[in-house]
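One structure is given below, encoded as structure tokens.
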Protein chains: 2
Amino acid sequence: MDLTKQLKDAGIKITQHKLAILALFSEHKHLDAFKILTIFQSKNIDISLATIYRILASFEEHNIITKHNFGNEHANYELAVANEHHDHLICMGCGKVIEFVNQEIEELQLQIAKQNQFEVHNHTLNIYGFCVECKILKTSKPIN
Amino acid sequence: MDLTKQLKDAGIKITQHKLAILALFSEHKHLDAFKILTIFQSKNIDISLATIYRILASFEEHNIITKHNFGNEHANYELAVANEHHDHLICMGCGKVIEFVNQEIEELQLQIAKQNQFEVHNHTLNIYGFCVECKILKTSKPIN
DNA sequence: ATATATGCAAACGATTTGCAACTCC
DNA sequence: GGAGTTGCAAATCGTTTGCATATAT
């Protein structure tokens, strides 16, 4: 992967922690700082929350990952696949996140922006509800 | 307004503070807790932040206002005009919020949810960018 | 060697809460 | 009078930061 090169070029050292976090993202599409901590602890990998936050911030700054704020809670991160924007279906039951892309919606947004003489930088479209499984169970666990 | 009746029926007392906050919402479409505190202070009205948060939470619970999380910062509230859902254009320069409604987008979202066997509860579509004025000035003040 | 990373604990900022005093119906 | 409300200060929770130490290149 040339991600590491990209980091090196920015004067960032490749450490075990950084590689481990990158590896996590290839297994888990959506992660937050605490989830990363938990996974590491379960693998007996020592790391502090502060370090996780610092690495996530650094990755975000170098456009390796993208930060989302789905609710009031923790920020959520995902790999920033170049130029592939997508939106999210977020399950309020289990917290699962489903991604989708819809070109028509993208275009409608640009139209709306134009009508308002608005220069679009980015956008987030989050649809909250219940996924198939939770629709049936209808547990009332809060989204996490 | 029958909002007060709605509150009374829910066993909620109508206090000066609550009326004042309701009044504020008819002047300002979008407010956050701190902004409310500031406005009250400028009018020499004594109120504590805790009370503001409690009132906002209570109003939200009774569907009088809606809570939005536009950025990482403070939560933003607006009157919940019954069944009139709308989305937002958010200026990253001056923080201005422009509302819009687009039926086509709404329908496309329902289609997408259906395809994913997802039961939609609600959604938020936020378009971030610069409004006409800020597009020209391009101040880099953070959105607030 | 030295610039960058890390851990720890303390600091932060928004929001919440316990509790005693207060106000509306 | 009693249920619901308020203010205050302390508590929470996610996240950030200062500083001294450790590590990558």
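Residue numbers begin at 1 in each chain, while the letters A, B, ... track the order of the sequences. Note that the structure is predicted; figures quoted are calculated from it, not measured.
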> Is the phosphate of C:dA5, meaning OP1 or OP2, less than 4.0 Å from a side-chain N or O of A:Lys18?
Replying inline: yes

> Taking atom C1' of C:dC12 as reference, at what distance in whole Å does atom CG of A:Leu49 sit?
Replying inline: 15 Å

>> Would you say that B:Ile47 contacts B:Ile36 through its side chain, given a criterion of any heavy-atom pair below 4.5 Å between the two side chains?
In response: no

>> Measure CG/A:Asn69 against P/C:dA14 and give the value in whole Å, please.
In response: 15 Å

>> With a 4.0 Å cutoff (strictly under), does any side-chain N or O of A:Thr15 reach OP1 or OP2 of C:dT4?
In response: no

>> At less than 4.0 Å, is any side-chain N or O atom of A:His17 found next to OP1 or OP2 of C:dT6? Yes or no.
In response: yes

> Within this structure, what is the NZ-to-P distance between A:Lys13 and C:dA1, rounded to whole angstrom?
Replying inline: 14 Å

>> Quiz question: going by heavy-atom distance under 3.5 Å, is there a donor-acceptor pair between the base of D:dG4 and the side chain of B:Arg54?
In response: no

>> If you assign each of B:Ile12 and B:Ala50 to its closest nucleotide in DNA chain D, which residue comes earlier from the 5' end?
In response: B:Ile12

> Any side-chain N or O of A:Ser48 under 4.0 Å from OP1/OP2 of C:dG7?
Replying inline: yes

> Taking atom P of C:dA14 as reference, at what distance in whole Å does atom CG of B:Asp32 sit?
Replying inline: 9 Å

>> So A:Thr124 and B:Tyr128, do their side chains get closer than 4.5 Å, heavy atoms only?
In response: yes

> Nearest-Å distance, CD (A:Gln16) to P (C:dG7)?
Replying inline: 12 Å

> Quick one: which of D:dG7, D:dT15, C:dT15 gets closest to the side chain of B:Ile47?
Replying inline: D:dG7

>> Any side-chain N or O of B:Thr51 below 4.0 angstrom from OP1/OP2 of D:dT5?
In response: no

> Any chance CD of B:Gln6 has more than 12 other-residue heavy atoms, nucleotides or ligands included, within less than 6.0 Å?
Replying inline: yes

> Roughly, in whole Å, what's the span from CD1 in A:Ile52 to P in D:dT17?
Replying inline: 17 Å

> Can you tell me how far the CZ atom of B:Phe40 sits from the OG atom of B:Ser48, to the nearest 0.5 Å?
Replying inline: 11.5 Å

>> Rounded to whole Å, how long is the line connecting atom CD1 of A:Ile55 with atom P of C:dT4?
In response: 16 Å

>> Assuming nearest nucleotide by heavy-atom distance, tell me which of B:Ala33 and B:Lys8 is located more 5' along DNA chain C.
In response: B:Ala33

> So, do A:His88 and A:His30 have ring centers that fall under 6.0 Å from each other?
Replying inline: yes

> Which whole-number value in Å describes the distance from A:Phe40 CZ to C:dG7 C1'?
Replying inline: 15 Å

